[in-house]
Amino acid sequence: VTLHDAWALGFDHVALAMGAGKPTTLDIPNGLARGVRTASDFLMALQLTGAAKADSIANLQVRLPIAVIGGGLTAIDTATEALAYYAVQVEKFLARAEALGVPVFLASLLAEERTVADEFIAHARALRDERAAAAQQGRAAHVLELLQAWGGSTIVYRKRLIDSPAYTLNHEEVELALQEGIVFAECLNPSAVQVDEFGAANALLLRRQVRTEDGAWHDGDASTLPARAIFIAAGTSPNTVLAREDAEHFKLDGKYFAAVDATGRSVKPEPASS
């Protein structure tokens, strides 16, 4: 059914519901290194593969510390879900390593794999010991404290917390994330991803953002945030593939569809306030 067919059938309005747009990637050094992943891809993989289930064999690996770049609700979801998934992941890993025999299993790994496996097994054993101690002492297990000691999960945003879309749209979600141990690092802009000897991400290089009296933001001092898992939650580009398939009816204005009024004349939409 083409657009012309729709008009001929008597329809007065056509909605373009073509799915999510293309995730934004960061054009910075090592921006596509191993350990760097778009937040939307991680969230979909987590849900669609059932990775958090005890019997799932989904290959979804997250290492600590976690850094999430962005200030929207997707960043909030990713930071909380990734931290919660980490504990599940390493406990599953240990259970399966023990079923195979830990020494035999570790002996079969390459150097980089052995580094990750040792890390996962050590963390899983610490979580197991803490849960056992908590049960014996009749208290809540300090799982969050352990996760934070290993690096935790940090949201990195280029402006202030109060400027972030997550805060302006749903500040309750931000409050709950902070209660779950998520750290919100404001006024920081990524400049590069630092990698280890294996080419995997191990830190995020940042520039502090300084706001002048006129409201403009400028680069300030450099800093480094340790990060083994880096998730990009910096928005999406609109899906405009229809303009290439039907250029006669769908025109572009930059990276967006061209806006027209009810009579078909071109108009310039007002941008949302930042």
Side-chain angles (χ1 to χ4, degrees), residues 1-33 36-48 68-79 81 155-171 173-174 187-193 207 209 211-212 214-219 230-274:
V1 178
T2 66
L3 183 64
H4 178 75
D5 294 334
W7 301 149
L9 290 168
F11 289 98
D12 298 308
H13 183 85
V14 174
L16 305 182
M18 299 177 295
K22 182 178 67 174
T24 300
T25 56
L26 298 184
D27 186 17
I28 58 178
N30 298 317
L32 295 176
V36 182
R37 189 168 189 161
T38 60
S40 56
D41 179 57
F42 165 74
L43 291 173
M44 285 193 294
L46 182 64
Q47 298 301 323
L48 296 179
V68 181
I69 300 170
L73 291 172
T74 298
I76 297 292
D77 287 347
T78 303
E81 293 284 358
I155 296 174
V156 177
Y157 184 54
R158 59 190 174 86
K159 295 183 180 179
R160 301 171 300 175
L161 169 61
I162 59 173
D163 300 319
S164 69
Y167 183 85
T168 56
L169 293 173
N170 192 339
H171 68 274
E173 286 289 318
V174 178
C187 301
L188 293 170
N189 201 33
S191 58
V193 174
R207 301 289 300 194
Q209 299 300 288
R211 192 181 189 188
T212 55
D214 62 358
W217 294 87
H218 304 279
D219 284 346
I230 300 172
F231 298 107
I232 314 300
T236 60
S237 300
N239 183 348
T240 56
V241 66
L242 196 59
R244 296 196 296 272
E245 296 175 349
D246 187 358
E248 179 184 355
H249 297 103
F250 298 97
K251 309 295 182 183
L252 292 181
D253 179 9
K255 64 178 182 179
Y256 300 96
F257 283 113
V260 296
D261 63 16
T263 65
R265 293 180 299 179
S266 297
V267 295
K268 197 72 176 178
E270 294 185 16
S273 59
S274 60

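Here the structure is a predicted model, which is why all the values come from computation and not from measurement.
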For [X] and [Y], which heavy atoms make the closest approach, and how far apart are they?
{"X": "Val14", "Y": "Ala6", "value": "CG2-CB, 4.1 Å"}
{"X": "Gly72", "Y": "Pro165", "value": "CA-CB, 4.1 Å"}
{"X": "Glu173", "Y": "Ile76", "value": "O-CG2, 3.9 Å"}
{"X": "Ser164", "Y": "Gly71", "value": "CB-O, 3.3 Å"}
{"X": "Thr78", "Y": "Val68", "value": "CG2-CG2, 4.1 Å"}
{"X": "Ala233", "Y": "Ala39", "value": "CB-CB, 3.6 Å"}

How long is the span from the [atom1] atom in [X] to the [atom2] atom in [Y], to the nearest 0.5 Å?
{"X": "Asp27", "Y": "Leu32", "atom1": "CG", "atom2": "CG", "value": "9.0 Å"}
{"X": "Leu16", "Y": "Thr240", "atom1": "CG", "atom2": "OG1", "value": "11.0 Å"}
{"X": "Asp41", "Y": "Leu46", "atom1": "CG", "atom2": "CG", "value": "11.0 Å"}
{"X": "Ile230", "Y": "Arg37", "atom1": "CD1", "atom2": "CZ", "value": "14.0 Å"}
{"X": "Leu242", "Y": "Phe250", "atom1": "CG", "atom2": "CZ", "value": "4.5 Å"}
{"X": "Tyr157", "Y": "Ile69", "atom1": "OH", "atom2": "CD1", "value": "13.5 Å"}

side-chain hydrogen bond (donor to acceptor under 3.5 Å, both in side chains) filter on Arg207, not counting sequence neighbours, yields none

Does [X] reach the main-chain N or O of [Y] with its side chain, forming a donor-acceptor pair under 3.5 Å?
{"X": "Asp163", "Y": "Arg160", "value": "yes"}
{"X": "Asp5", "Y": "Thr2", "value": "yes"}
{"X": "Asn239", "Y": "Val241", "value": "yes"}

Please check if atom CG in Asp12 has more than 12 non-hydrogen atoms from other residues, nucleotides or ligands closer than 6.0 Å. no

Is it the case that atom NE2 in His4 sees more than 12 heavy atoms from other parts of the structure closer than 6.0 Å? no

What verdict does the side-chain contact (heavy atoms from CB on, under 4.5 Å) test give for Lys268 and Asp253, after you've listed the backbone C-alpha separation in whole Å, the side-chain angles of each residue and the deciding distance to 0.1 Å? CA-CA 9 Å; Lys268 197 72 176 178; Asp253 179 9; 3.1 Å; yes

Should Ile232 and Thr25 count as side-chain neighbours, where that means a heavy-atom distance under 4.5 Å? no

